[in-house]
Amino acid sequence: MPLITTVVAALLAGCSSTSSSNWAADGPASTTAGAPGRSEESKPVYSYKKAVRETVWVDTGLDGDGDGKNDRLAVDIVRPGEPAAEGRKIPVIMEASPYYSCCGRGNEDQKKTYDAGGQPVRFPLFYDNYFVPRGYAFVAVDLPGTGRSDGCTDAGGPIDIRSTKSVIDWLNGRTHGYTTHTGTTPAQATWTDGATGMIGKSWDGSIANGVAATGVEGLRTIVPISSISNWYDAYFSQGAWLVGSAPTPGVLIRTVESDEVGRRCAAVNKPLGDPAVVKSGDWSPMWAERDYVADAAKVRASVFVVHGLQDLTVRTREFGEWWDALAKNGVERKIWLSQTGHIDPFDYRRGTWVDTLHRWFDHELLGHDNGIDREPMADIERTPDHWTTDPVWPPKSTATVSLSPGQGAKSGVGTLGTHTGSGTETFTDDPQKSETDWAAQIDRSTEEKAGFVTQPLSEPLRISGSSEVTVTATSTAASANLSAVLVDLGPAVIRDYDSAGLGISTLAGQNCWGASTAGDSACYKKTAADPMHVTSTVFSRGWGALGTAASALKVQPLTPGKPYALTLTLASTDHVVPAGHRLALVVAGTDNGLVNHAADRSTITLDLAHTSLRLPVAGQPDGPSM
């Protein structure tokens, strides 16, 4: 029986189907059966202590700060000296970041340090310690207007992207670099073959996405970790203004620039913080020039995506739309999806991460046939520290299943199944209530939500990808936000993604990854999963302003009492609802802590005959569990 037929038939019987015990792996990660050998592997044969450490100032060709001179980026480099002395050229691992001076990188907030002569001493994170002895250069770039670089950062806009691209151009001999900040003595990258891999988390990885979307020659691979692919989606969800640590790009910029740079770059910063432009929820040219997904067809580099499925800082829609666009254009891809929040994989799966990244760069930058391209595409964390794999992601067996909400009894909750919906449900927006409040009260009719629940499932249900909720709704006010969340109702052990550690605990001891010097240690504090027992898990979310029903590009005033149809796109996920659990859909107003409330506190009425949920349901997993 075809997958979709099987699932629908099971739901009609009050359960859902798709069977496999492989989805809930309960053992440690192991090597995939039949994986190729590792005869080709870069080894730590070069001296890290004697490595060449230098700064090159790359001409960006831009004058972002309007001082009449081309901006130069500070490009700090550490590379083994032996290959150049032997006439051999080496590849580059590169990270471009605004955080090297202001805020630090990694779990321990490491910053760059320099000696009295201004030469780099410490490079944050382990990339230099581990990869330089193995024959790579590590290049750490200060984004414009940050660290020691000229110009003004523009939060992932054309200045950031074009400036960073110029470094790859310099590595490939297409633009100019200099040995000093203001001097004229040229610096040439004669020591590299130009093959570059970019890596970074959050803003850093977002820059990697944006540079890849230029199609620049020489960029062979990128590893974006919890990164943005469309900056509009970082601040809005279909017109609904999202809650974040930086409410506008202008505020974000001011966290990374010095006071002096802030004064110099006031003209660049001003439109990025203009409430009339930034907070309206309308699509604008400002957002269009920060939409890397639109240029996915230009990507030549391979992409290794890493994201936390409970990342509420850079939400999972960011990787989902990027991944789908890359797939459409045939880009070589790999993906890791964890249970964490906004966390680097070095801090939740350290040994496996270092090993996998090593093999990925060896394959993509050195051309080693180590088999990583023939291994499973996806690694997915199911419970803390327990992972499964898939040959492709989403699995080839994935198909869309449509469910409808049904009206519940006055004292109870609505139903969710394959029946045709009828009747209405009404709720009043309560800006003090959140998705966890809704989930905790799912079996009670409460004023601030409409909840719909399946019967207990007889077999596991795997939801892999992005779901959609279409509603037809009327509002009593001229503005209204809607939230839709999917909830797994049943006991589970998950990472505490909403804690201070976002799913990890930092321990006292250390372990080391690579070579150290007196000024740059390769040793980092150990971490462990931070588990918690729950009775329900919100695993996918979507938000939108009802005023975008007529046009996704503009939030328009509502006519009270008039019905509007709106489809909410929920964040990408990969979650298994176990047998015996129930699947719930909640539709409500403000999701406190995640979405800012609308101007009005409205009462919403849903027409259930024209409300539906579409789920990407995967059948049998295509590969073994780990």
Side-chain angles (χ1 to χ4, degrees), residues 23-24 107 201-202 205 224-229 233-234 237 242-245 305-323 335-349 353 378-388 393-394 434-440 462-467 483-506 527-543 569-578 581 583-584 586 591-595:
W23 292 340
N107 190 41
K201 177 191 164 203
S202 200
I225 302 166
S226 296
S227 300
I228 295 168
S229 61
D233 290 339
S237 178
L242 302 176
V243 174
S245 57
V305 170
V306 181
H307 218 103
L309 288 171
Q310 294 289 7
D311 190 340
L312 300 178
T313 302
V314 175
R315 296 155 183 91
T316 60
R317 184 168 179 171
E318 295 287 358
F319 89 77
E321 292 183 342
W322 183 233
W323 181 265
I335 191 166
W336 272 25
L337 299 173
S338 72
Q339 280 198 343
T340 66
H342 197 59
I343 295 292
D344 192 294
F346 186 74
D347 295 313
Y348 61 74
R349 203 187 185 194
W353 171 243
D379 280 33
I380 302 167
E381 188 178 27
R382 295 298 177 195
T383 59
D385 291 328
H386 300 152
W387 296 72
T388 62
W393 192 87
S434 71
E435 59 188 36
T436 53
D437 298 318
W438 305 331
R462 180 180 178 184
I463 298 166
S464 185
S466 180
S467 303
S483 299
V485 302
L486 297 179
V487 188
D488 176 347
L489 297 173
V493 178
I494 65 172
R495 287 183 183 260
D496 189 359
Y497 63 87
D498 203 29
S499 68
L502 303 176
I504 66 166
S505 297
T506 302
T527 62
D530 181 12
M532 71 174 187
H533 294 263
V534 297
T535 57
S536 62
T537 306
V538 176
F539 63 88
S540 187
R541 312 151 174 87
W543 310 280
T569 300
L570 275 60
S572 297
T573 190
D574 196 302
H575 182 83
V576 177
V577 184
H581 288 204
L583 171 67
V586 179
D591 191 347
N592 184 38
L594 296 175
V595 179

For [X] and [Y], work out which heavy atoms get closest and say how close.
{"X": "T573", "Y": "W393", "result": "O-CZ2, 3.6 Å"}
{"X": "V314", "Y": "H307", "result": "O-NE2, 2.7 Å"}
{"X": "L570", "Y": "S540", "result": "CB-OG, 3.5 Å"}
{"X": "D488", "Y": "P578", "result": "OD2-CD, 3.4 Å"}
{"X": "S226", "Y": "G308", "result": "OG-N, 4.1 Å"}
{"X": "G501", "Y": "I343", "result": "O-CD1, 3.4 Å"}

Calculate, to the nearest 0.5 Å, the distance between atoms [atom1] and [atom2] belonging to [X] and [Y] respectively.
{"X": "D530", "Y": "D498", "atom1": "CG", "atom2": "CG", "answer": "11.0 Å"}
{"X": "D311", "Y": "L337", "atom1": "CG", "atom2": "CG", "answer": "11.5 Å"}
{"X": "T316", "Y": "E321", "atom1": "OG1", "atom2": "CD", "answer": "10.0 Å"}
{"X": "S229", "Y": "R317", "atom1": "OG", "atom2": "CZ", "answer": "9.5 Å"}
{"X": "W323", "Y": "I335", "atom1": "CH2", "atom2": "CD1", "answer": "4.5 Å"}
{"X": "D437", "Y": "N592", "atom1": "CG", "atom2": "CG", "answer": "7.5 Å"}

Query raised in the report: Can any side-chain N or O of K201 pair as donor or acceptor with the backbone N or O of H342 at less than 3.5 Å?
Result: yes
Report task. Report yes or no: does Q339 contribute a side-chain atom to a donor-acceptor pair with the main-chain N or O of Q310 at less than 3.5 Å? Result -> no
Report task. Go through W353 and I225 one step at a time and tell me if the side chain to side chain contact (heavy atoms under 4.5 Å, CB included) criterion holds. Result -> CA-CA 12 Å; W353 171 243; I225 302 166; 4.1 Å; yes
Is the shortest side-chain heavy-atom distance between [X] and [Y] below 4.5 Å?
{"X": "W387", "Y": "S338", "answer": "yes"}
{"X": "L309", "Y": "E381", "answer": "no"}
{"X": "L502", "Y": "T340", "answer": "no"}
{"X": "W438", "Y": "V487", "answer": "no"}
{"X": "T537", "Y": "Y497", "answer": "no"}

Query raised in the report: salt bridge (charged side-chain N to carboxylate O under 4.0 Å, His left out) with E435: which residues, sequence neighbours excluded?
Result: R541
Requested in this report: State whether D574 and R462 are salt-bridged, where the test is any N-O pair (Lys NZ or Arg NE/NH1/NH2 against Asp/Glu carboxylate O) under 4.0 Å.
Outcome: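 Answer for the salt bridge query: yes.
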Report task. Before accepting this row, confirm whether a basic side-chain N of the pair R495/D385 lies closer than 4.0 Å to the acidic partner's carboxylate O. Result -> yes
Report task. May I ask you to decide if the ring planes of Y348 and W336 are parallel, tilted or perpendicular, using 30° and 60° as cut-offs? Result -> tilted
Query - Short side-chain donor-acceptor distance under 3.5 Å, N107 and T506 - result: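 Judged by distance alone, the side chains do pair up.
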**Report entry** Partner set under ring pair (Phe, Tyr, Trp, His ring centres under 6.0 Å) for H581, not counting sequence neighbours
**Finding:** none
